[in-house]
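Notes follow the structure.
Order of appearance sets the numbers: ligands from 1, and atoms from 1 within every ligand.
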Amino acid sequence: MEIQKIGVIGAGQMGNGIAHVMAVAGYDVLLNDINQDALDKAVATISRNLDRQVSKDQLSAEAKDAAMARIKTTLQLPDLGQTDLVIEAATERETVKQAIFDQLGPHLQPHTILTSNTSSISITRLASRTDRPEKFMGFHFMNPVPLMKLVELIRGIATDEPTYKACLGIVERLGKTAASAEDFPAFIVNRILIPMINEACYTLYEGVGNVASIDSAMKLGANHPMGPLQLADFIGLDTCLAIMNVLHDGLADTKYRPCPLLVKYVEAGWLGRKSGRGFYDYRGETPVPTR
Ligand SMILES: CC(=O)CC(=O)SCCNC(=O)CCNC(=O)[C@H](O)C(C)(C)COP(=O)(O)OP(=O)(O)OC[C@H]1O[C@@H](n2cnc3c(N)ncnc32)[C@H](O)[C@@H]1OP(=O)(O)O
Ligand SMILES: NC(=O)C1=CN([C@@H]2O[C@H](COP(=O)(O)OP(=O)(O)OC[C@H]3O[C@@H](n4cnc5c(N)ncnc54)[C@H](OP(=O)(O)O)[C@@H]3O)[C@@H](O)[C@H]2O)C=CC1
């Protein structure tokens, strides 16, 4: 079955990037969220990021206009029943994701493939709650989606070959590279990266360094493009904590216990860039460390 219409659920940091790259690749995109502000903000972000590509001659102005014309938004989740493939990119909470799939299920066409952009949650478990576990995949993009080359593909225990092949074909059409991960907590990238970020939080919590010295050390000492705490703010501290909890619960190993300081930041609502403040305060001219 030819895939042409793609539904994206969740218009946050990841949803806008996924809609962006799918539209540029020629797919028709229907972007859904629970609030209109998020949809409006996402469309503006996509337009701005497309302008970046036009200004760097990576895209023509006509291609930008055509891509924008392929993106529609809706607050009505059932509208996504008319798509060929759905990518869920809502908040990293299993109850939120399962409620979405429960609500969307009755509206789906028989051929539609369901996927989740989850960073860590069991694909097998998410799939088991739907009427189509054989058509369910983990379709895990990296942040920021327009720039990062990798997409992790994760098959649930029941995922069939045509579904996997269809997702692989999309990754190739996007000009990205797929890495196949087994369906275990946090897959490959986040199994390695988020415990590193958690360790950076412990380094701060125990006073080994401060925000500036920890990030500078890893940028200059390990050639990371962003320091681990800057990266945590970029990902979202709520998402980082959610992934650590999935690792801690799923692998039952205390080495994955979330740093109490990370918990405190999330409880304060200091979620990083997306809330204006995290390990850095983004509300002024330049980011200022908060510790
Ligand atoms: C949590 C999960 O489930 C999985 C994950 O995603 S883990 C996180 C994975 N991602 C990372 O590790 C990101 C690490 N950081 C980086 O690679 C780089 O800092 C970066 C690519 C984000 C930015 O690149 P940079 O060279 O350091 O900064 P910068 O010069 O500002 O950006 C380079 C270009 O990318 C563009 N860019 C930067 N951030 C962008 C964004 N968020 N969206 C789109 N474009 C962006 C910039 O516009 C810039 O192009 P222009 O010159 O036209 O402005
Ligand atoms: N951030 C990252 O670096 C990466 C994240 N991911 C994964 O992608 C997913 C999204 O992450 P991210 O974009 O950062 O999260 P964000 O918090 O930036 O965006 C989530 C969006 O989903 C919306 N939402 C919440 N509930 C629903 C719902 N029931 N239906 C539709 N939309 C809903 C949220 O609205 P509201 O804010 O009003 O609740 C918000 O707009 C998560 O599973 C995350 O683990 C994957 C790769 C990288």
Side-chain angles (χ1 to χ4, degrees), residues 7-21 31-42 45-59 73-80 86-104 115-121 123 126 138-152 154 179 181 186-194 196-197 215 218-219 223-228 230-246 266 269 271-275:
V8 179
I9 303 171
Q13 301 179 100
M14 295 306 287
N16 87 67
I18 295 168
H20 172 143
V21 299
L31 179 60
N32 161 261
D33 199 287
I34 45 175
N35 63 62
Q36 190 58 44
D37 290 356
L39 290 173
D40 297 343
K41 198 163 158 250
T45 301
I46 294 167
S47 181
R48 199 169 55 247
N49 285 334
L50 285 169
D51 285 340
R52 290 179 183 204
Q53 292 176 304
V54 170
S55 65
K56 284 196 282 189
D57 293 330
Q58 290 167 343
L59 204 67
T73 64
T74 177
L75 288 169
Q76 306 308 318
L77 185 61
D79 291 348
L80 275 69
V86 173
I87 303 176
E88 174 277 319
T91 311
E92 187 70 345
R93 272 207 303 277
E94 189 158 356
T95 50
V96 168
K97 296 182 183 306
Q98 285 181 343
I100 287 169
F101 292 124
D102 288 350
Q103 187 189 348
L104 180 60
T115 74
S116 174
N117 185 54
T118 180
S119 299
S120 61
I121 297 168
I123 299 303
L126 289 173
F139 208 164
H140 183 213
F141 289 82
M142 302 292 139
N143 187 7
V145 177
L147 298 181
M148 303 308 276
K149 294 187 175 34
L150 186 82
V151 180
E152 269 187 313
I154 307 105
F187 320 130
I188 297 173
V189 172
N190 289 331
R191 172 74 180 266
I192 299 164
L193 185 71
I194 305 300
M196 179 200 76
I197 286 178
D215 276 354
M218 292 308 287
K219 280 198 284 192
N223 226 17
H224 289 191
M226 282 176 166
Q230 180 191 2
L231 179 55
D233 276 355
F234 183 59
I235 292 169
L237 302 189
D238 53 337
T239 301
C240 293
L241 178 56
I243 296 165
M244 284 311 296
N245 284 325
V246 165
V266 173
L271 306 182
R273 279 202 200 179
K274 67 185 181 183
S275 70

If we count only N and O atoms by modelled type, under 3.5 Å, do the side chains of [X] and [Y] hold a donor and an acceptor together?
X: Q36; Y: D40; value: yes
X: Q53; Y: H20; value: yes
X: E88; Y: T115; value: no

For ligand 2 and [X], I'd like to know whether there is a polar contact (N/O to N/O, distance under 3.5 Å).
X: N117; answer: yes
X: A90; answer: yes
X: I100; answer: no
X: E92; answer: yes

Out of [options], indicate the one that has the non-hydrogen atom closest to [atom].
atom: atom 25 (C) of ligand 2; options: T91, V145, L104; result: T91
atom: atom 44 (C) of ligand 2; options: A232, A11, S120, S119; result: S119
atom: atom 30 (N) of ligand 2; options: L193, I34, V151, L77; result: I34

Is the closest heavy atom of [X] to ligand 2 under 4.0 Å?
X: G236; answer: no
X: H140; answer: yes
X: E88; answer: no

Note the single closest protein heavy atom to [atom], along with its residue, its atom name and the distance in Å.
atom: atom 36 (P) of ligand 2; answer: N35 ND2, 4.1 Å
atom: atom 19 (O) of ligand 2; answer: G12 CA, 3.3 Å
atom: atom 40 (C) of ligand 2; answer: D33 OD2, 3.7 Å
atom: atom 13 (O) of ligand 2; answer: M14 N, 2.9 Å
atom: atom 18 (O) of ligand 2; answer: Q13 N, 3.1 Å
atom: atom 16 (P) of ligand 2; answer: K274 NZ, 3.7 Å

Using a 4.5 Å cut-off on heavy atoms from C-beta on, say whether the side chain of [Y] contacts that of [X].
X: D233; Y: L237; answer: yes
X: D79; Y: N32; answer: no
X: V86; Y: I9; answer: yes

Response to the item:
Close residues (non-hydrogen atom under 4.0 angstrom from ligand 1) work out to N49, R52, K56, S119, H140, M142, N143, P144, L147, M148, N190, L193, P225, M226, L231, F234, I235
Discussion item. Heavy atoms only, cut-off 4.0 Å: how does F141 contact ligand 2, side chain, backbone, both, or neither?
Written reply: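 F141 to ligand 2: backbone contact only, side chain stays beyond 4.0 Å.
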Worksheet entry | Proximity to ligand 2 by part of I235, non-hydrogen separation under 4.0 Å | both
Acceptor/donor pairs from residues 138-147 side chains to any protein atom, 3.5 angstrom cut, sequence neighbours excluded:
residue	atom	partner	partner atom	Å
H140	ND1	E152	OE1	2.7

Practice prompt. Mark whether atom 1 (N) of ligand 2 lies under 4.0 angstrom from at least one protein heavy atom.
Written response: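 Yes, there is a protein heavy atom closer to it than 4.0 Å.
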